[in-house]
Amino acid sequence: MGIKFTKYHGLGNDFILIDNRHDHTPCLNSEQAMKLCDRHFGVGADGVIFALPPQGESDYTMRIYNSDGSEPEMCGNGIRCLARFLADLDGKQDTHHTYQIHTLAGIIRPQLQGKDQVTVNMGQPYLLAHEIPTTLASSEEKVISQPLSVADQSWQVTCVSMGNPHCITFVDNADGIDLETIGPEFEHHSAFPKRTNTEFIEVVSQDYLKMRVWERGAGITLACGTGACASLVAAVLNQLSDRAATVELPGGCLHIEWSLQDNHVYMTGAATKVFDGTVAAIL
Ligand code: ZDP
């Protein structure tokens, strides 16, 4: 007896994928998922993702736990991994198949691109303060380059939701940010009632952004797909970049485009299978 899983990563943002297509309830609770994510006592991952039966007009449902056991609405790198995982399970030969995935952030559509790339229609960004949610502006207003005091420093922040909350700040040198100290202070700042993911962006050129991230519920990670999308949107809102750009993360690059036509954000990047395994049922 044990739990079968497949390990994937999207630019080093790594996940344990579980085939849960037979049941609407994930086979692990948040505490068990947390244990599985532990890099010393478990498998090691930034999150656990379940492929569940469809709800409404969708092919499948995705649910995810962060490594601290909290449940985010969406996960950009994770949904690319899920698309590849499902293609393997379904034996999909069509290398450009599009899935419709039900998530807590609505229907998200990943499309396979050949062998290891996936393009995801991430839907539209949400910009109003109550949609983030943040108390930095009144409910129906946007937060674009507003001052926020964190760790005794004043930052100019822009807030974007890709279904999950992001706080973006533009810096001269992303490598110079002491993420370990500053990240948690943003995450738990009282301006963010549901906590927040935080991205530090260095604008290298109009179409090239360099990003470092502190993730809500997961800390420093090598990449964050929703974060890269939110950051491109924030850069456009601050007139710092084109609507399409490469976002460089510590684990590699994503191509992000905020379409003028449909207002949706499209993210393209790799999703890589690492290994299959079975974990003892003792967790
Ligand atoms: O919103 C959150 O709590 C995030 N930690 C969820 C995970 C986001 C992710 N890094 C992504 O790629 O979008 C997986």
Side-chain angles (χ1 to χ4, degrees), residues 7-18 30 33-34 36-37 44-51 62-85 101 103-106 108-110 117-123 125-126 131-134 159-168 179 183-184 186-189 192-201 209 211-234 247-256 265-272:
K7 181 84 189 283
Y8 279 80
H9 77 88
L11 309 181
N13 191 196
D14 58 345
F15 303 98
I16 295 161
L17 279 286
I18 296 181
S30 62
M34 229 168 113
L36 225 55
C37 287
D46 293 324
V48 179
I49 294 174
F50 300 90
M62 171 174 93
R63 285 187 62 187
I64 166 171
Y65 289 120
N66 284 319
S67 54
D68 76 347
S70 58
E71 183 174 8
E73 301 81 352
M74 233 306 268
C75 174
N77 289 324
I79 204 160
R80 293 201 315 278
C81 294
L82 178 71
R84 293 245 76 98
F85 180 57
I101 308 293
T103 75
L104 293 178
I108 307 289
R109 297 178 179 84
Q117 298 281 309
V118 180
T119 296
V120 187
N121 177 349
M122 300 281 284
Y126 298 94
E131 295 173 318
I132 307 296
T134 176
C159 296
V160 176
S161 169
M162 291 304 305
N164 56 352
H166 293 272
C167 174
I168 296 99
L179 266 188
F186 272 94
E187 180 180 356
H188 298 282
H189 196 285
F192 305 107
K194 289 192 176 163
R195 303 192 282 153
T196 191
N197 297 285
T198 307
E199 286 80 23
F200 298 90
I201 304 296
L209 309 175
M211 161 176 154
R212 288 181 70 214
V213 57
W214 177 271
E215 274 191 38
R216 175 181 71 168
I220 296 174
T221 59
L222 295 181
C224 176
T226 50
C229 294
S231 297
L232 182 275
V233 169
V247 180
E248 180 195 313
L249 304 119
C253 290
L254 290 171
H255 181 264
I256 313 288
V265 182
Y266 292 82
M267 167 191 68
T268 302
T272 310

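Remember, it's 1-based here, ligands and their atoms both numbered in the order they're listed.
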Chemist: According to salt bridge (charged side-chain N to carboxylate O under 4.0 Å, His left out), who are the partners of Glu187, at least two apart in sequence or on a separate chain?
Modeler: Arg195
Chemist: What I'd like to find out is whether the side chain of Asp46 reaches to under 4.5 Å of the side chain of Leu222, using heavy atoms alone.
Modeler: no
Chemist: So does Gly269 get a backbone contact from the side chain of Arg80, meaning a donor-acceptor N/O pair under 3.5 Å?
Modeler: yes
Chemist: Below 4.5 Å, heavy atoms only, C-beta onward: do Cys75 and Phe15 meet side chain to side chain?
Modeler: yes
Chemist: Taking Arg84 for the side chain and Thr272 for the main chain, is one N or O donor matched with an acceptor at less than 3.5 Å?
Modeler: no
Chemist: Side chains of Thr226 and Asn164: any donor to acceptor distance under 3.5 Å?
Modeler: yes
Chemist: Can you work out which protein residues put a heavy atom within less than 4.0 Å of ligand 1?
Modeler: Asn13, Phe15, Asn66, Pro72, Met74, Cys75, Gly76, Asn77, Asn164, Asn197, Glu215, Arg216, Ala223, Cys224, Gly225, Thr226
